[in-house]
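See below for the structure under consideration.
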Protein chains: 2
Amino acid sequence: MTTRWLSPDEQRAWRAYIAASLLLEDTIDRQLQQEAGMPHLYYSILANLSETPERRLRMTELAEGLKITRPRLTYAVARLEKDGLVRRESCESDKRGSIAVLTGEGMAVLERTAPGHVETVRTALFDRLTPEQVGQLEEIFTSVTAGLQGEDGPFEGLPWRRRSAPPCS
Amino acid sequence: MTTRWLSPDEQRAWRAYIAASLLLEDTIDRQLQQEAGMPHLYYSILANLSETPERRLRMTELAEGLKITRPRLTYAVARLEKDGLVRRESCESDKRGSIAVLTGEGMAVLERTAPGHVETVRTALFDRLTPEQVGQLEEIFTSVTAGLQGEDGPFEGLPWRRRSAPPCS
DNA sequence: CGGGCTTGGTTCAAGTTTGAAGCAAACCTA
DNA sequence: TAGGTTTGCTTCAAACTTGAACCAAGCCCG
């Protein structure tokens, strides 16, 4: 089958997206590195943990939620643990398991740095969008995520996909 | 001033965007690593070069177009040069300058791998969007780019910004 | 039980990215 | 035209990411 190249509209959209996403991530990483001494992903790990009832999550659940691979998470959590922001506990009901727990210090860092982070996201992104565009953004990217990890799509083989979710709270 | 947190709508949009952009980049990187033996950025370098009249660009122009820092580009081009896909020439009119030139072999790799790449982008993204959404995508991210590197915005200090564009074709 | 398969997680080496520092050529400006 | 500053690019060390290999614990079925 002959290649279906991108239309001019699609080309422009694609390039706009690529450029902006690089700039945006760089901006956020830089701001968080300044204020919190860690890149965006590491901040997201703390944020994710802080939102669970017990401020704890199994490694695999965390990796799945963040859409990253497990080795990447292992490395990141090791660093956060060294900094005292996260602690690791082993899972009682499944002795293979490992649970990341947000420490008090981790929570404190999060609370201290959240306002600056939100401000950056706001200034760089949301302050420039109309309410309709916010809705469009959500719709577009929710759909993309569904396609990339949904049961039906052509990308089943992505390595971070999991089949079951162990509880072990 | 008290923090303006994200509204629920904004939260959802932000999370959808973060998740999808990670999945999308991973998917594209993986596909290109398979088919072309290089990550997305490196492919983009070849693609950018191929679109200029003489298939050549000054390092700084290239970095600026790709929205990446110069050390990052230096490293990437060094690798591509080692692989024979890019050659470096020194600039006559400005002896500090260095010019990246796409080789015949580089062009061949690009032509061989472009269809698979486009197919991935299409499957992961554009096949899931309506024509209106393609337009929305472009508008949103064009605006974000403008904000992050425009003359007026609050992010003047980003290190990749340049003031002038040397010709030195 | 006992062998094989799967799952949760880490480790390892190789590759990439980052920000600061360095270096040489070009550009002032007095 | 000399001295200082800027510009273009690279180098360096430290941090991060990747994918493959690994290990131990659970699972499955006989």
Side-chain angles (χ1 to χ4, degrees), chain A residues 22 25-34 37-43 45 57-64 66-83 88-100 157-168, chain B residues 22 25-34 37-43 45 57-64 66-83 88-100 157-168:
Chain A
L22 280 166
E25 258 306 280
D26 262 355
T27 302
I28 291 173
D29 271 336
R30 201 174 313 281
Q31 189 270 329
L32 279 172
Q33 198 65 257
Q34 283 284 321
M38 67 183 80
H40 188 194
L41 174 65
Y42 293 54
Y43 176 92
I45 291 172
L57 232 29
R58 281 194 65 153
M59 294 296 279
T60 300
E61 290 182 290
L62 196 43
E64 188 183 351
L66 293 165
K67 270 56 176 160
I68 63 174
T69 59
R70 283 179 297 184
R72 188 175 179 185
L73 180 62
T74 295
Y75 180 89
V77 167
R79 198 261 228 197
L80 292 171
E81 185 169 36
K82 186 166 61 59
D83 294 348
R88 255 138 146 177
E89 291 179 5
S90 66
C91 179
E92 287 313 314
S93 61
D94 179 348
K95 281 173 190 159
R96 295 167 301 179
S98 168
I99 304 179
L158 295 182
W160 49 74
R161 299 229 32 235
R162 284 194 45 252
R163 268 61 184 169
S164 58
C168 184
Chain B
L22 280 166
E25 257 306 279
D26 263 354
T27 302
I28 291 174
D29 271 336
R30 200 175 313 282
Q31 189 271 330
L32 280 172
Q33 198 66 257
Q34 284 284 320
M38 68 183 77
H40 188 194
L41 174 65
Y42 293 54
Y43 176 92
I45 292 173
L57 232 29
R58 282 194 64 154
M59 294 294 279
T60 299
E61 290 183 289
L62 196 44
E64 188 182 352
L66 292 166
K67 271 53 176 161
I68 62 173
T69 59
R70 284 179 297 184
R72 188 176 179 183
L73 180 62
T74 295
Y75 179 88
V77 166
R79 198 261 230 196
L80 292 171
E81 185 170 36
K82 186 165 62 58
D83 295 348
R88 255 137 146 177
E89 290 180 6
S90 65
C91 178
E92 287 311 316
S93 61
D94 180 347
K95 282 173 192 159
R96 295 167 301 179
S98 169
I99 303 179
L158 296 183
W160 49 73
R161 301 231 28 238
R162 282 193 47 254
R163 269 59 184 169
S164 57
C168 184

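Chain identifiers are assigned alphabetically (A, B, ...) following the order of the sequence lines, protein sequences preceding nucleic acid strands; residue numbering begins at 1 within each chain.
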Taking only N/O atoms, report every protein-nucleotides 25-29 of chain D pair under 3.5 Å with atom names and distance.
unit_1, atom_1, unit_2, atom_2, d
D:dG26, OP1, A:Lys95, N, 3.0

N/O-N/O pairs, protein side and nucleotides 12-18 of chain D side, under 3.5 Å:
unit_1, atom_1, unit_2, atom_2, d
D:dC16, OP1, A:Arg79, NE, 3.4
D:dC16, OP1, A:Arg79, NH2, 3.1
D:dT17, OP1, A:Arg72, NE, 3.2
D:dT17, OP1, A:Arg72, NH2, 2.8
D:dT17, OP2, A:Tyr42, OH, 3.3

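- Remark: A:Ile45 CD1 to A:Met38 CE distance equals 9.5 Å, nearest 0.5 Å.
- The distance from atom CG of B:Leu32 to atom C1' of C:dT16 is 16 Å, rounded to the nearest whole Å.
- Not counting sequence neighbours, the partners of B:Pro71 by the side chain to side chain contact (heavy atoms under 4.5 Å, CB included) test are B:Thr69.
- Among the atoms of the strands shown, only primed sugar atoms or phosphate atoms (P, OP1, OP2) are found under 4.0 Å from some heavy atom of A:Ser98.
- Atom P of nucleotide D:dT7 and atom CD of B:Glu61 are separated by 16 Å, given to the nearest angstrom.
- One finds the CD atom of B:Glu64 at 12.0 Å from the CG atom of B:Leu73 (value rounded to the nearest 0.5 Å).
- For A:Ala100, the side chain to side chain contact (heavy atoms under 4.5 Å, CB included) partners two or more places apart in sequence, or in a different chain, are A:Leu49, A:Met59, A:Leu62, A:Val86.
- Whole-Å rounding puts the A:Gln34 CD to C:dT18 P distance at 15 Å.
- Atom CD of B:Gln34 sits in a sparse spot, with 12 or fewer heavy atoms from other residues, nucleotides or ligands closer than 6.0 Å.
- Take A:Arg72 and apply the salt bridge (Lys or Arg N to Asp or Glu O under 4.0 Å) test, not counting sequence neighbours, and it matches no residue.
- Across the protein-nucleic acid pair, A:Glu89 atom CD and C:dG8 atom C1' stand 17 Å apart, rounded to whole Å.
- In this structure, CG in B:Leu80 is found 9.5 Å from NZ in B:Lys82, a value given to the nearest 0.5 Å.
- The distance from atom CG of B:Leu73 to atom P of C:dG19 is 16 Å, rounded to the nearest whole Å.
- Taking only side-chain nitrogens and oxygens, B:Arg58 comes nearer than 4.0 Å to OP1 or OP2 of D:dC9.
- B:Glu81 is linked by a salt bridge (Lys or Arg N to Asp or Glu O under 4.0 Å) to B:Arg88, counting only residues two or more places apart in sequence or in another chain.
- One can place CZ of A:Arg70 at 17 Å from P of D:dC22, the figure rounded to the nearest angstrom.
- What separates CD1 of A:Ile28 from P of C:dT18 is a distance of 14 Å, to the nearest Å.
- Scanning all heavy atoms of the two residues, the minimum distance from A:Lys67 to B:Leu22 falls at O-CB, 4.2 Å.
- Atom P of nucleotide C:dG8 and atom CD1 of A:Ile99 are separated by 13 Å, given to the nearest angstrom.
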